[in-house]
Q: 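Handing you this structure, nothing more for now.
All values below were derived from every heavy atom in this structure, side-chain atoms included, with hydrogens, water molecules and symmetry-related copies excluded. Every chain is numbered from 1 and lettered A, B, ... according to where its sequence line falls, protein lines coming before strand lines.
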Amino acid sequence: ETTLTQSPAFMSATPGDKVTISCKASRDIDDDMNWYQQKPGEAAIFIIQDASTLVPGIPPRFSGSGYGTDFTLTINNIESEDAAYYFCLQHDNFPLTFGQGTKVEIK
Amino acid sequence: QAQLVQSGAEVKKPGASVKVSCKASGYSFTRNAIHWVRQAPGQRLEWMGWINAGNGHTEYSQKFQGRVTITRDTSASTAYMELSSLRAEDAAVYHCARDRSAWDPTFGLDVWGQGTTVTVS
């Protein structure tokens with residue numbers, strides 16, 4: 001099973017900040033990494049596919065990078081509406097596994 | 001626009017079973033697999049299994065093998081997840097999610113349901 005170590009667990013940002021979230025895989029997963037945003041009581045939203053491709057309709061302030069074992073989600077010029085829980089998912093092998101998640105608070 | 005809508009919250013006693021539904025709309029149901037994932041309080045998301053919505057083939061996480069059954073009704077564009085022999089540790093929010101592909105290889109999940117809270121007490 002591939003373990004994903006996501007950090008930080010919590011972060012507080014000011015509007016306009018650049019935010020980075022890390023997800024490290026316990027083995028090489030190529031670019032089989034997706035990122036999601038979830039707000040309380042709502043369905044998760046797919047934001048980054050295959051490590052670095054922005055999902056259509058997602059604002060370009062979101063970006064993803066990485067390959068192999070180290071991946072990063074970046075939010076540039078963060079906005080108040082970006083307050084949410086973010087998590088990574090590896091789909092390279094079964095069982096699919098997830099990072100622990102990051103709660104992003106906007107001050 | 002593709003959407004998955006899940007059934008409402010459930011309260012079950014230990015030892016009972018729960019069946020959660022996931023109704024798809026806005027796309028051709030049989031063209032994408034459906035996964036089930038759960039998140040217990042304070043825990044990370046956990047994959048339970050998936051179903052090929054076209055032919056009904058399923059695969060399950062070893063952790064849930066023997067306790068989970070995933071089915072689908074193509075006429076209703078609905079997938080189901082039944083978990084039996086419930087224990088306190090099964091209290092969680094259960095999500096269905098659509099795969100970007102019909103079956104293996106998976107390309108990951110793109111559309112999610114809103115989640116169904118299952119309480120075991």
Q: Is the A:Tyr36 ring parallel, tilted or perpendicular to the B:Trp112 ring (thresholds 30°, 60°)?
A: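 A:Tyr36 vs B:Trp112 ring planes: perpendicular.
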Q: OG1 of B:Thr106 to CG of A:Asn34: how many Å apart, nearest 0.5 Å?
A: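 With rounding to 0.5 Å, OG1 (B:Thr106) is 8.5 Å from CG (A:Asn34).
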Q: So for B:Leu109, is it side chain, backbone, both, or neither that comes closer than 4.5 Å to the heavy atoms of chain A?
A: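 Contact with chain A: backbone and side chain both.
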Q: Most heavy-atom pairs under 4.5 angstrom with chain B, which of A:Asp50, A:Asp92, A:Val55, A:Thr97?
A: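 Answer, by heavy-atom pair count under 4.5 Å with chain B: A:Asp50.
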Q: Can you tell me if CD on B:Gln1 sees more than 12 non-hydrogen neighbours from other groups inside 6.0 Å?
A: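 No - once you tally the heavy atoms of other residues, nucleotides and ligands closer than 6.0 Å, there are 12 at most.
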Q: So for atom NZ, which belongs to A:Lys39, do other residues, nucleotides or ligands contribute more than 12 heavy atoms lying within a distance under 6.0 Å?
A: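 Above 12, so yes.
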Q: Mind listing the closest non-hydrogen atom pair of B:Arg44 and A:Phe98 along with its distance?
A: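 Looking at all heavy atoms of both residues, the shortest contact is NH1-O, 2.8 Å.
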Q: Where does A:Leu96 contact chain B at under 4.5 Å (heavy atoms): side chain, backbone, both or neither?
A: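 Looking at A:Leu96, backbone and side chain both touch chain B.
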Q: Which residues from residues 24-32 of chain A are near chain B, with near meaning under 4.5 Å between non-hydrogen atoms?
A: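 Residues in range: none.
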Q: Check each atom of B:Val111 against the heavy atoms of chain A and say whether the ones under 4.5 Å are side chain, backbone, both or neither.
A: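 For B:Val111, there is no contact with chain A at all, as no heavy atom is under 4.5 Å.
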Q: Which atoms of B:Asp99 come close to chain A, meaning under 4.5 Å heavy atom to heavy atom: side chain ones, backbone ones, both, or neither?
A: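 B:Asp99 has no heavy atom closer than 4.5 Å to chain A.
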Q: Quiz question: by atom type and distance under 3.5 Å, do the side chains of B:Arg100 and A:Gln49 form a donor-acceptor pair?
A: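 Their side chains do contain a donor-acceptor pair, which is all the 3.5 Å distance test asks for.
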Q: Checking heavy atoms, do the side chain of B:Glu46, its backbone, both or neither come under 4.5 Å from chain A?
A: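 Answer is backbone: N, CA, C or O of B:Glu46 sit under 4.5 Å from chain A.
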